[in-house]
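To start, the structure itself, in structure tokens.
Every value quoted in this text rests on a predicted model; they were computed, and no experiment measured them. The figures here come from the full heavy-atom set of this structure, side chains too, leaving out hydrogens, waters and symmetry mates.
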There are 2 protein chains.
Amino acid sequence: LRNVDPERLFTAARAGDRAALARLLSLVERGGDEAHAVGRLAYPRSGNAYTVGITGSPGAGKSTLTSALITHLRARGEEVAVLAIDPSSPFTGGAILGDRVRMQEHATDPGVFIRSMATRGHLGGLALAAPEAIRVLDAVGREQIIVETVGVGQVEVEVAAKADTTVVVVNPGWGDAVQANKAGLMEIADVFVINKADRPGLDQTRRDLEQMLDLSDLGGDWRPPIVATVGSTGQGVEQFWQAVLNHRQAAEASGVLERRRQRRLQEELRSILASRLDARARQLCSGDRYDELVAAVLERRVDPWSAADELLEGVGA
Amino acid sequence: LRNVDPERLFTAARAGDRAALARLLSLVERGGDEAHAVGRLAYPRSGNAYTVGITGSPGAGKSTLTSALITHLRARGEEVAVLAIDPSSPFTGGAILGDRVRMQEHATDPGVFIRSMATRGHLGGLALAAPEAIRVLDAVGREQIIVETVGVGQVEVEVAAKADTTVVVVNPGWGDAVQANKAGLMEIADVFVINKADRPGLDQTRRDLEQMLDLSDLGGDWRPPIVATVGSTGQGVEQFWQAVLNHRQAAEASGVLERRRQRRLQEELRSILASRLDARARQLCSGDRYDELVAAVLERRVDPWSAADELLEGVGA
């Protein structure tokens, strides 16, 4: 994999070679210089895709809902790519579909591309790899990208919040709405979906969400609509997607989308800088000079601040 | 304050001038170059003090217990300094005693020095300022230093865990023992105190703690003793202090103390490096060149990784 020319992979992936696309994403997932090389190639070619983030508690039915959404989009003749963010997965993202049984039915559809992403252990982790993977999908011509998170961990919420439209999925039952509020999901939701809407408590949950929306300062013109769905039957999925399209239209018209994307890129640049400097700090804390200075500090010949100064001398920090 | 020579303050503080000591601590608390200058002066003079960290849930009676401990130590003719770590305090640490009513009785005792520390907003915050403040107290000749945390926030636990002997205070009642486990206090405890031991549930809590200790891999020869106290009456405080002295003796004899102190200094050096690099990252994310590069990234003329490379060029990171 390491000897494959990313440029050639890009050309192949743009021509529809799914294996080439999968290999590009694996390079991104692994991090390091190859990932940056891929990122540099992807960047100027990207900027055409629209991303929809889907997040919510585990068990809310996000995967089933996403599968139903894929069915809906394919019936309309549209293509779609899905990036499933799962930091806790024991599987590497290499496997298309991975363990995501619900999505198996779309596995052989050439208009659908599904990818799980786990990416543990490399610098900056998912928070840096996810936007890069999205840009690769974007750069090879995927224009609709669904980013689905498996849980509601901090990184996952962060990744979902950076989509163009962010969908928060809850279920009937007061607890979920409260959870959504606690986990900071209220702040990031552009669209609310009450999935498993055939269960008792739908109206109450809708009222609870409306009330929370009344109380929160949304700071804009868009009030997140609340859509009821049953992912397993596809009920309400058309209305759900319409709500996403409505948000897209509103965000494009108001300039919110443009401002969001700009802010996102600036945050990404800051994250890259921080992760590079972090790598540098780790590097500074090893090697002969470090060992010597630690010994000097322990013997109280040098104080920690002066030792830090000396280690940082060549770094200009 | 800024024009006072730290060297002169040190000389005065070593001679017993409490106002000079308070000013040194204020300099440390404010951070920045003055703090580092104080740190550089304190470091070679430090290394003689023994520190005892006291932590536990808010309401566990840590302040009352500390006050009773001071009374006990003073009755033995010993001097003591107390550093109360309170990141959430709206007061600056400048006020000796601050709002700590329980300790007022010791306010006029020249053998006692009590200081609250809030230190918000400066780089590295309490995690960096607390060890520096301890070194100042150490360097001016205070040989017994109690570090008491007001809550169990991450920084507070971290600071308490870096003492030579760490005391975890709980109350009778199962919930507290569980909380202690959840908050990671089990891992850091060298001595357990069940304070407010005149309340119901003492035996059960003792059994719960013993059981948790049985289950945990302590990774050493020292098993934390469990002492029952009533801070408000002083009951059990002598046994509590004896347990601390026993731990000190064991840690000194086994070499654990020396290794802990070495590890602490290395961690501190790493924290200083990280905070310096973080300051550098913030600095990189401002200025004309940064604005130009952000504009170039937004126009897709430059990718974020190349922009980061360029910003980091002069930094060697």
**Item:** Toward chain A, the part of B:Glu132 with a non-hydrogen atom under 4.5 Å
**Value:**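 Only the side chain of B:Glu132 comes within 4.5 Å of chain A.
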**Message:** For the backbone of A:Trp305 and the side chain of B:Tyr43, can you confirm whether one donor and one acceptor N or O come within less than 3.5 Å of each other?
**Reply:**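 No, the answer is negative, given that no donor and acceptor are paired below the 3.5 Å cut-off.
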If I compare all heavy atoms of [X] with all of [Y], which pair ends up nearest, and what's the gap?
X	Y	value
B:Leu269	A:Tyr290	CD2-CE1, 3.8 Å
B:Arg40	A:Ser306	NE-OG, 2.9 Å
B:Gln262	A:Leu298	CA-CD2, 3.5 Å
A:Pro304	B:Arg135	CG-NH2, 3.9 Å

**Message:** Between B:Ser46, B:Pro44, B:Ala307, B:Ala42, who has the most heavy-atom pairs with chain A when the cutoff is under 4.5 Å?
**Reply:**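 Highest number of pairs under 4.5 Å: B:Ser46.
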**Request:** With sequence neighbours left out, write down each residue that passes side chain to side chain contact (heavy atoms under 4.5 Å, CB included) with A:Glu143, or none if nothing qualifies.
**Result:**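 With sequence neighbours excluded, A:Glu143 shows a side chain to side chain contact (heavy atoms under 4.5 Å, CB included) to no residue whatsoever.
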For [X], does the [atom1] atom have more than 12 heavy-atom neighbours from other residues, nucleotides or ligands under 6.0 Å away?
X	atom1	result
B:Asp288	CG	no
B:Glu252	CD	yes
A:Asp33	CG	no
A:Gln249	CD	no

Roughly how far, to the nearest 0.5 Å, is [atom2] of [Y] from [atom1] of [X]?
X	Y	atom1	atom2	value
A:Leu311	B:Arg270	CG	CZ	11.0 Å
B:Leu293	A:Gln266	CG	CD	11.5 Å
B:Asp303	A:Ile272	CG	CD1	8.0 Å

